[in-house]
Amino acid sequence: MDQRPIAVFDSGLGGLTVVRALRDRLPAEDIVYLGDTARVPYGSKTPETVKRFAREICAFLLRMNPKCIVAACNTASAVCLPELADEFSAPLIGAVTPGARSAVDASNPGDLLAVIGTEATIASNAYRNAIHTIDPDRPVVQVACPLFVPIVEEGVSATDPIVNMVIDRYLAPMRRLKPAAVLLGCTHYPIIHDAIAAYFGDNVTLIDSGDATAQMADAILTRLGALSDLRGRGSLHCYVSDHPRRFQAVGSHFLGEPIPDVVRVCPEELARDAERVLPTVPRASA
Ligand code: DGL
């Protein structure tokens, strides 16, 4: 039994969908969350920049002595998870492998799988590769949907007509291919799940990589004998790199429960932590 917290990070608010799934599955666990709201979006940045941000965040979260770190952010998971996992002592759980596994399990061999994510996630081919590791012959189609993230960060309702316009703009060619399942390869997308589901219709299964990630965290912690044996609801401590009040207001809606006090940690502090914990952190190139 292990009473230490589970640490979770994302570029912004979206990772709260993973926190929600974790709190549904593992209600007794304490959770520490960091949303890098000062530097969102990650999806349009280079892999080097995303990796630097993710390293800084992991170094900061290690201060909390977590039993594991969940890289809720699909973009970070896609571009740098294996490298980061080698650097940190705490187990690092990413979104790509569990998401790919869920999508394959939810469909039949030969069925077309569709993956949507940020530009960086799609360009990395991480999901396609993970699906092909499980089923090498599986047809996969991928599309980046960059505007979904700011729409969600702005707190735009899934029923707002602008959401449907953007969905149609990105996903019309994919819908014509009639995929069996659509994998939501970004933490922000479950917030507009219903609009995407309605767009594809009843015959298409939507896979939430966040649910799959929470399921994998549960399985790993169970295997390690590292679940908390405390009774009652675990605590939630949130850190953001910008604007705590805004995060609290919009985020409570995503989380489905009020968010307690949110603490601001500026990006400079995150960078300093990384230098302290990881003396070999490469400097940002100009
Ligand atoms: N929410 C993150 C993801 O799951 C990244 C979104 C972004 O910052 O562009 O990919």
Side-chain angles (χ1 to χ4, degrees), residues 7-22 33-58 69-81 84 92-100 102-103 114-130 142-156 166 170 182-193 196 206-214 216-217 238-243 246-247 250-251 253-255 267 270:
V8 182
F9 77 90
D10 187 47
S11 58
L13 288 156
L16 290 172
T17 57
V18 179
V19 172
R20 184 178 187 150
L22 280 167
Y33 180 84
L34 188 133
D36 196 2
T37 48
R39 303 189 289 196
V40 67
Y42 281 12
S44 53
K45 299 191 168 63
T46 61
E48 293 72 29
T49 299
V50 173
K51 184 179 171 195
R52 178 162 57 87
F53 293 169
R55 288 178 98 227
E56 291 173 2
I57 292 168
C58 288
I69 299 177
V70 177
C73 180
N74 287 251
T75 306
S77 302
V79 305
C80 60
L81 193 84
L84 286 185
L92 191 56
I93 299 165
V96 173
T97 304
S102 279
V115 179
I116 58 176
T118 67
E119 286 169 281
T121 298
I122 298 305
S124 75
N125 273 318
Y127 269 112
R128 187 195 295 274
N129 294 338
Q142 309 185 97
V143 171
C145 307
L147 282 175
F148 287 3
V149 172
I151 281 179
V152 166
E153 288 282 327
E154 282 301 313
V156 176
V166 176
Y170 289 131
V182 178
L183 172 50
L184 307 181
C186 175
T187 53
H188 287 73
Y189 300 179
I191 304 295
I192 52 169
H193 172 285
I196 299 172
L206 256 53
I207 310 294
D208 179 347
S209 63
D211 279 346
T213 306
M216 180 175 257
C238 291
Y239 295 84
V240 290
S241 51
D242 203 359
H243 239 324
R246 190 170 187 285
F247 177 89
V250 183
H253 171 64
F254 295 177
L255 189 62
L270 293 173

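Note that the structure is predicted; figures quoted are calculated from it, not measured. Numbering of ligands and ligand atoms starts at 1, following listing order. All residue numbers refer to positions in the sequence shown, counting from 1.
- Side chain of Thr17 to main chain of Thr187: a donor-acceptor pair is present (N/O by atom type, distance under 3.5 Å, no hydrogens or angles).
- The shortest N or O to N or O distance between Tyr42 and ligand 1 is below 3.5 Å.
- Summary of contacts: the protein heavy atom closest to atom 9 (O) of ligand 1 is Gly43 N, 2.8 Å.
- Ligand-side atoms of ligand 1 in range of His188: 1 (N), 6 (C), range being under 4.0 angstrom from any heavy atom.
- At least one heavy atom of Ser11 lies less than 4.0 angstrom from ligand 1.
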For Asn74 and Ser209, run side-chain hydrogen bond (donor to acceptor under 3.5 Å, both in side chains): C-alpha distance rounded to whole Å, both residues' side-chain angles, the deciding distance at 0.1 Å, then the answer.
-> CA-CA 8 Å; Asn74 287 251; Ser209 63; 3.2 Å; yes
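- In this structure, the side chains of Leu81 and Val96 stay at 4.5 Å or more apart for every pair of heavy atoms.
- Relative ring orientation between Tyr42 and Phe53 is described as tilted, the plane-to-plane angle lying within the 30° to 60° band.
- Looking only at side-chain heavy atoms (C-beta outward), Phe254 and Val19 stay at 4.5 Å or farther from each other.
- Using 4.0 Å as the threshold, Cys73 has a heavy atom nearer than that to some atom of ligand 1.
- Regarding atom 10 (O) of ligand 1, its nearest protein heavy-atom neighbour is Thr75 OG1, 2.7 Å.
- With a 4.0 Å cut-off on non-hydrogen atoms, Asn74 touches ligand 1 through its backbone as well as its side chain.
- Here the protein heavy atom with the shortest distance to atom 2 (C) of ligand 1 is Asp10 OD1, 3.3 Å.
- The closest donor-acceptor contact from the side chain of Tyr127 to the backbone of Gly117 lies at 3.5 Å or more, if one exists at all.
- Residue contacts with ligand 1, taken as heavy atom pairs separated by less than 4.0 Å, involve Thr118 solely via side-chain atoms from C-beta onward.
- Separation of atoms CG (Leu206) and NE2 (His193) is listed at 4.5 Å; rounding is to 0.5 Å.
- Polar contact check, Val149 against ligand 1: no nitrogen or oxygen pair lies under 3.5 Å apart.
- Annotation for ligand 1: atoms under 4.0 Å from non-hydrogen atoms of Val40 are 8 (O).
- In this structure the side chain of Glu119 never reaches within 4.5 angstrom of the side chain of Pro41, judged on heavy atoms.
- Looking only at heavy atoms of the protein, atom 1 (N) of ligand 1 is closest to Thr187 OG1, 2.6 Å.
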